[in-house]
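Here is the structure we will look at.
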Amino acid sequence: MSIFVDKNTRLLVQGITGKEGRFHTRQCIAYGTNVVAGVTPGKGRGKIDDIPVFNTVGEAVDKTGANCSIVFAPPQYATDAIVEAADNGIEIIVAITEGIPVQDMMKVKNYLGNVRSRLVGPNCPGIITPGLCKVGIMPGFIHKPGGPIGVVSRSGTLTYEVVNQLTLQGIGQTTCIGIGGDPIIGTSFIDCLDAFERDPDTKGIVMVGEIGGSAEEEAAEFVSKNMKKKVVGFIAGLTAPPGRRMGHAGAIVSGGNGTAQEKIAVMKENGVHVCEDLCTLGEFCAEVFED
Amino acid sequence: MRIHEYQAKELFRRYNIHIPYGGIAFDPDEARSIARRIGSFPVVIKAQIHAGGRGKGGGVKLAESTDEVYSLTHGIIGTKIITSQTGPEGKLVRKVLVEENLEIDKELYLGIIIDRKTSKILIMASEEGGIDIEDETVAMSEKIIRLYIDPNMGIQPFHCREIAFDLKLTSSVWKQFVLMLQNLYRLFADYDCSLVEINPLVVTAKQSIIALDAKIEIDDNALFRHRGIIEYRDIEEEDPLEVEASRFNLSYIKMDGNVGNMVNGAGLAMATMDIIKLAGAAPANFLDVGGGTTIEMVEKGFGIILSDKDVKLVFINIFGGILRCDVLAKGVVQAAEKTDVNIPVVIRMNGTNIEEGRRILFESSFKPIYTADLKDAAQKISEFAGPGSMLGGERHKV
């Protein structure tokens, strides 16, 4: 088992004809993902590597039964692409795009509250269920199929580091999700923790947070109230200066709020097993998840 | 992007939000002629820097005559002001705002931000002007009125009325306030602001509502659709190395340690800074070269770190995913061949195309200290820059 994506995922690529879209579509196919369609407005009716390209998501869904999409559209077109996918009944929308204006995302987020689509991201590496399906830009080879650990993270390469350390310890993953580094994102830590708690194959979860906002604190409270499975936590940004945006739009300590120290304290209070040294995270997980 | 108070007030004027009469001066002569135009004394002289707390830092003065305007401006421009937000080194003042001094009946606080938790626009107001909203005890107190606005609906007149009555505004001013707040919200939405703050917003003795101060921050990700606003960027307020890095789309932040570092990905970059700290040393910067980076960008990024005179050791930490290790290695080697690298460089590299990357590093004339293991890298940083090392650990900040 896994969460959000698996062998039944029929992937649609929004922005398939762009350089990034084309490259990562090939990588996803090579990993075994069932890519059924691409959409690029104005370039429909063609094919890329035998994948049919359509002008609209509606047409793509009608002709191919796509149920999941990955968005590579540039920032100024990305919210349009997300809402188009949602309005055409796509169940899981993964937005890779970095740099979407926050007020645009705020509107999309409020709109999506009324529909059944799940948005993951934006500004994220995507979702992978090792061995079965990759809907994202992460390097597939670092993952170990078969579980039993779920990974959820606000970051990209930091997640690869964490996953690699798990794999080196012989610990496989059920599903790994990057929820994105923006201040406003579709799927939260809590959504993922909840899904992992319900997934019978996931025995424990690693959550990787960073400075800014209060998502980790809210997640920690959720863990203590609603979860039986063990959760390991890591927070990046202990040394980040206040008031500065650390690469990710959402990674900023403002008015003394959102510090790594505060997040770590709240996570510990709520029973999350916090590892403070990234160098030893793999070993730390091996100990916590031993039984 | 932060903009200056006088620029924010220009935007206010466009949205019919009343501001004090005045103008911006780059030298004492200009300040004096603005004061003459205002025509009554005292006038207020406000240093224009990208930092709050100017009043307490000596950046706001009252002048009683044109001569005093000249001498006070002469004293402010060209000097550094230190406030709670500038850091100990202070900020150099290059211009001042000269404004009429108003007789004030009541001082209020008004701010609009994006609330991450609810994904709504949050309006905050208080009957106490001049408060420090960033002070947690103030922010949590019940004196702050909060109202959440659905961005898809936008502000409604009743929202403004609710705040006006909560602020206990009298019948002569609440209608003005309702109009003003609607205009302010429109500005916030039109210009993709992440923050608009008026502190204080005043009711004058003549019962007018006037924005005595103005603070605006604009979402960097939205600048592509606000070309006019980009002209408001003041690069003199930014660190020169950060400006240089931004020209190459590199995300770089200067810090006060001596271990320079270059990483792919923001999360891993922050975690790498933390590793340096845990090793007993201090990071000199944050630098994310990004996922889709090129050889040229890597070369530029490494060059920027090497040009920082505080840097005594460099730590390059790459987990190759989309960024291939061979691309990283080529960029680093190219930069090293152009500059004379006379400080130790620790490279931890793993992931996509690692073999090819390692070959490029080993075959170059530049001899970095290489490891594939993160723990091993941390050990090396500790040896070079940790406590008891030649560089003396984190207490030895350059």
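Letters A, B, ... are given to chains in the order of the sequence lines, protein chains preceding strands, and every chain is numbered from 1. Scope of the values below: all heavy atoms of this structure, side chains included, with no hydrogens, waters or symmetry mates. None of these values were measured; they are calculated from a predicted model.
Rounding to the nearest 0.5 angstrom, the gap separating the CD1 atom in A:Ile184 from the CG atom in B:Asp115 is 8.0 Å. How far CD1 of B:Ile275 is from CG of B:Asn261: 10.0 Å, rounded to the nearest 0.5 Å. Interatomic distance, CG of B:Asp310 versus CG of B:Asn285, reported as 10.0 Å (0.5 Å rounding).
Options B:Ala189, B:Ala269, B:Ser251 differ in how many heavy-atom pairs under 4.5 Å they form with chain A, and the most are formed by B:Ala189. Highest contact tally toward chain A, considering only B:Asp274, B:Leu374, B:Asp376, is held by B:Asp274 [criterion: heavy-atom pairs under 4.5 Å]. Between chain B and the options A:Gln76, A:His24, A:Met105, A:Lys107, the largest number of non-hydrogen pairs under 4.5 Å is found for A:Lys107. Comparing A:Ser155, A:Pro139, A:Gly156, A:Pro183 by how many heavy-atom pairs each has under 4.5 Å with chain B, the most go to A:Pro183. Residue with the most contacts toward chain A among B:Ala266, B:Pro151, B:Ser194: B:Pro151 (heavy-atom pairs, distance under 4.5 Å). Put simply, of A:His248, A:Met246, A:Lys109, A:Met138, the one with the most heavy-atom pairs under 4.5 Å next to chain B is A:Met246.
Both the backbone and the side chain of B:Met273 come within contact range of chain A, each with at least one heavy atom under 4.5 Å from a heavy atom of that chain. In this structure, chain A has a heavy atom under 4.5 Å from the side chain of B:Glu242, while its backbone stays farther away. Contacts between A:Leu168 and chain B at a heavy-atom distance below 4.5 Å are absent for every atom of the residue. Residue contact with chain A, scored on non-hydrogen atoms closer than 4.5 Å, involves the backbone and the side chain of B:Phe319 alike. With a 4.5 Å cut-off on non-hydrogen atoms, A:Ile142 touches chain B through its side chain but not through its backbone. In this structure, chain B has a heavy atom under 4.5 Å from the backbone of A:Ile100, while its side chain stays farther away. Proximity to chain A (any heavy atom under 4.5 Å) is shown, for B:Ile276, by neither the backbone nor the side chain. Only the side chain of A:Phe234 comes within contact range of chain B, judged by heavy atoms closer than 4.5 Å. For a residue to count as touching a neighbouring chain, one of its non-hydrogen atoms must lie under 4.5 Å from one of that chain's; by this rule B:Asp219 touches chain A with the side chain only.
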Exercise. With side-chain contact (heavy atoms from CB on, under 4.5 Å) as the test, would you mind laying out the steps for A:Ile93 and A:Val120 before giving the verdict?
Key: CA-CA 6 Å; A:Ile93 305 162; A:Val120 175; over 6 Å; no
Quiz item: Does the side-chain contact (heavy atoms from CB on, under 4.5 Å) test come out yes or no for B:Val263 and B:Ile318, once each step is laid out?
Solution: CA-CA 6 Å; B:Val263 187; B:Ile318 299 296; 5.5 Å; no
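Within a 6.0 Å radius of CD in A:Gln27, more than 12 heavy atoms belonging to other residues, nucleotides or ligands are found. Other residues, nucleotides and ligands contribute only 12 or fewer heavy atoms inside 6.0 Å of the OH atom of A:Tyr77.
For B:Lys254 and B:Asp308, the salt-bridge test passes: some basic side-chain N is under 4.0 Å from an acidic carboxylate O.
B:Tyr191 and B:His226 have tilted rings, their planes meeting at an angle from 30° to 60° on a 0 to 90° scale.
Although no hydrogens or angles enter the test, the distance criterion places no donor-acceptor pair under 3.5 Å between the side chain of B:Thr293 and the main chain of B:Gly290. A donor-acceptor pair is defined here as one N or O able to donate and one able to accept, closer than 3.5 Å; such a pair exists between the side chain of B:Gln85 and the backbone of B:Gly52. Using modelled atom types, one side-chain atom of A:Thr33 and one backbone atom of A:Cys28 make a donor-acceptor pair closer than 3.5 Å.
Checked against B:Glu238 for a salt bridge (Lys or Arg N to Asp or Glu O under 4.0 Å), the options B:Lys91, B:Arg2, B:Arg233 give a single hit: B:Arg233.
A donor-acceptor contact closer than 3.5 angstrom is absent between the side chains of A:Gln165 and A:Gln169. Donor-acceptor pairing under 3.5 Å is recorded for the side chains of A:Tyr111 and A:Asp87. Using a 3.5 Å distance cut-off with no hydrogens or angles, the side chains of A:Arg118 and A:Thr187 do pair a donor with an acceptor. Side-chain atoms of A:Asn110 and B:Asn152 form no donor-acceptor pair, as typed in the model, at a separation below 3.5 Å.
Along residues 237-244 of chain A, the residues that come nearer than 4.5 angstrom to chain B, judged on non-hydrogen atoms, are A:Gly237, A:Leu238, A:Thr239, A:Ala240, A:Pro241, A:Arg244 in order of number. For residues 209-220 of chain A, a heavy-atom distance under 4.5 Å to chain B picks out A:Glu210, A:Ile211, A:Gly212, A:Gly213, A:Ser214, A:Glu218, given by residue number.
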